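Each remark here refers to the structure printed beneath this line.
Just so it is clear, the structure is predicted and the values come from calculations on it, not from any experiment. Hydrogens, waters and symmetry mates are skipped; everything else that's a heavy atom, side chains included, is used.
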Amino acid sequence: MHKINQELHLNLEVKEKDELDWLNNPDDTWYAYCSFFKAPVRNVIPSETLRLHQVFALITSDKYKRITEDLRAITNVKEARKFKANCFDYVTFSGTFEKRNDNNLLEHSNLLTIDFDHLENLQELKALILNDEYFETEMLFTSPSGDGLKWIIRIDVSEVTHSEYFTAVANYIKHTYNIEVDKSGKDVSRACFLPYDPTAFLHNRHQAL
């Protein structure tokens, strides 16, 4: 602006801009917080509160690589389910909790988790939902089993309840992609196990510390 003012002789009174002015602006950045729980799943007391970029860092690191590979090597369905319940840490993406129970919600994160299970076209669906015209993806990663997706999207529970949102999104997915989603996502305290997925997606605005 200073250069234009001088070159065109506009004689405008241009106020010098302080490079640190941004520090005085209110921080309106949106952050989503969730509770993190140590394995096994029967442990319902959270050990800490994490933001999305911290969960993303855990998933894309090697922390859960070995147990994810071990799980996927188990062919017996019941044994696999037992192994997952006993060995995987988990989070409650939809909020922070005093203990994992819908009645013990401390604060909703305005996030909703949609589970896509037993997919034959995982990569195709991944591309489709990342480009969905109605819902912006906050996080997307492959499930511990390797044949499903965990789709984390932003919602607004100030006017519509978590359960109503879930029903609406599930209906939308059925209509748009002809896929039935796991109904357990309607529970606010739904546990989501953390696997190893180096290709996980995270919305850029959550990556800054």
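Neither side chain, Asn86 nor Lys82, offers a donor N or O lying under 3.5 Å from an acceptor on the other.
Phe56 and Ile153 end up in different hydrophobic clusters when Ile, Leu, Val, Met, Phe, Trp and Tyr side chains are linked at under 4.5 Å.
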What verdict does the ring pair (Phe, Tyr, Trp, His ring centres under 6.0 Å) test give for Phe135 and Tyr172, after you've listed the backbone C-alpha separation in whole Å, the side-chain angles of each residue and the deciding distance to 0.1 Å?
CA-CA 10 Å; Phe135 296 100; Tyr172 167 78; 5.3 Å; yes
Steps toward salt bridge (charged side-chain N to carboxylate O under 4.0 Å, His left out) verdict (Glu136, Arg154)
CA-CA 7 Å; Glu136 187 169 65; Arg154 186 177 179 181; over 6 Å; no
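Of the possible donor and acceptor atoms, none in the side chain of Asp115 sits under 3.5 Å from a partner among the backbone N and O of Lys150. Using modelled atom types, no side-chain atom of Asn104 and backbone atom of Arg100 make a donor-acceptor pair closer than 3.5 Å. No donor-acceptor distance shorter than 3.5 angstrom exists from the side chain of Arg51 to the backbone of Tyr31, with no hydrogens or angles considered. The main-chain N or O of Thr167 is found under 3.5 Å from a side-chain atom of Asn171 such that the two form a donor-acceptor pair. Judged by distance alone, with hydrogens and angles left aside, the side-chain atoms of Asn43 form a donor-acceptor pair with the main-chain N or O of Lys38 at under 3.5 Å.
Contact check for Phe201 versus Thr137: side-chain heavy atoms found under the 4.5 Å cut-off. Residues Ile129 and Leu149 are in side-chain contact: their nearest non-hydrogen atoms beyond the backbone lie under 4.5 Å apart.
Taking the six-membered ring where the residue is Trp, His108 and His162 present tilted rings, their angle falling between 30° and 60°.
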